[in-house]
Amino acid sequence: MARAMGPSPTNEFDYDTIARQYDRHRRVGGPFIAPLARLAHDVGARRVLELGPGTGNSARGFLDAWPCELVALEQSAGMIAHARSKTIPGRWVRGDARELPFRDASFDMVFAVLVLQHIPEADAVIRECRRIVGDGCAAFVTAPRDFIEHHPLRPYFPSFSRIDLERFQPEGDLLELMQSEGFAETGLIAVEAEPQPIDAAYLEKIANKFISTFHLIPDAEFQSGLAALRAEIERKGRLDEDMVWRSVVVWGRTRHAARNGCA
Ligand SMILES: C[S@@+](CC[C@H](N)C(=O)[O-])C[C@H]1O[C@@H](n2cnc3c(N)ncnc32)[C@H](O)[C@@H]1O
């Protein structure tokens with residue numbers, strides 16, 4: 001039986017409704033691609049599965065860093081249609097990460113970028129990952145607790161941190177789950193993006209709700225936070241604090257590196 005790790009209401013989010021505008025404020029790749037490629041290198045991953053690839057930005061970045069046979073499993077038909085239109089090499093499959101339609105040990109690596117916060121049953125996902133990875137690894141990119149708690153926008157949107165603390169599983173819990181589901185060696189890799197000014201360009205991304213958290217904030221709070229932020233940016237040009245986006249890669253290998261002969 002799957003163990004829900006976060007309350008459900010804030011996890012509900014329909015990606016079909018935003019698939020066409022998703023890429024407007026998103027780029028290919030990200031600072032987590034290098035650690036994912038290193039993990040792939042360490043296990044010599046040839047067959048790789050990405051869970052919840054969305055419109056394929058992480059898939060594209062990963063393939064550039066680590067060419068491989070990629071399968072991408074996504075539950076939103078709208079996101080898949082958009083990803084397919086970008087002709088990223090790989091096979092796109094519609095499905096649910098909690099019940100993978102693949103044989104045991106059919107992949108060398110599985111990864112997911114900012115997906116588990118949408119799935120309260122993280123244990124079911126991790127169990128499935130352990131089943132379909134043979135001698136290899138799994139990696140989940142997520143938001144660390146500390147980043148959510150001290151998010152620079154929380155003075156403007158008081159619910160921001162609460163919403164994300166409810167839906168993002170603590171990285172330590174995910175690590176423990178990986179151990180209990182049978183990953184022999186596990187670890188955390190902290191990742192940090194280049195600082196970005198919170199200025200008029202950033203304000204436009206927020207106004208377009210470029211991350212799902214903004215869709216989950218009550219509308220009145222969102223509008224008043226946006227107005228306050230706009231007034232501050234018009235007055236000063238940018239906020240004093242930059243946005244330094246942080247994430248963490250929670251990884252597990254099915255065997256110890258020493259036994260594998262890996263670095
Ligand atoms: C925040 S987006 C991340 C997309 C992509 N990984 C990226 O980094 O751009 C989360 C994605 O996970 C997908 N997703 C959510 N729950 C899922 C599930 N149970 N199985 C498969 N995909 C899921 C959503 O449809 C959405 O495309």
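As the structure lists them, so they are numbered: ligands from 1, and atoms in each ligand from 1.
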Exercise answer: donor-acceptor pairs, residues 190-199 side-chain atoms, under 3.5 Å, sequence neighbours excluded:
| unit_1 | atom_1 | unit_2 | atom_2 | d |
| --- | --- | --- | --- | --- |
| Asp199 | OD1 | Ala201 | N | 3.2 |
| Asp199 | OD1 | Tyr202 | N | 3.1 |

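- Using a cutoff of 4.0 Å between basic side-chain nitrogens and carboxylate oxygens, Asp42 and Arg38 are not scored as salt-bridged.
- Within 4.0 Å of ligand 1, the residues that place a heavy atom are Tyr15, Tyr22, Glu50, Gly52, Pro53, Gly54, Ser58, Glu74, Gln75, Ser76, Met79, Gly95, Asp96, Ala97, Val113, Leu114, Val115, His118, Ile119, listed by chain and number.
- For the side-chain hydrogen bond (donor to acceptor under 3.5 Å, both in side chains) test, residues two or more places apart in sequence or in another chain that qualify with Gln179 are Thr186.
- Comment: Arg98 engages Glu121 in a salt bridge, judged by a side-chain N to carboxylate O separation of less than 4.0 angstrom.
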Output side-chain donor-acceptor pairs under 3.5 Å for residues 138-146, partner residues at least two apart or in another chain, one line each.
| unit_1 | atom_1 | unit_2 | atom_2 | d |
| --- | --- | --- | --- | --- |
| Arg145 | NH1 | Leu165 | O | 3.1 |
| Arg145 | NH1 | Phe168 | O | 2.7 |
| Arg145 | NH2 | Leu165 | O | 3.3 |
| Asp146 | OD1 | His150 | ND1 | 3.1 |
| Asp146 | OD2 | Arg246 | NH2 | 3.0 |

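- His151 has its ring centre no less than 6.0 Å from the ring centre of Phe157.
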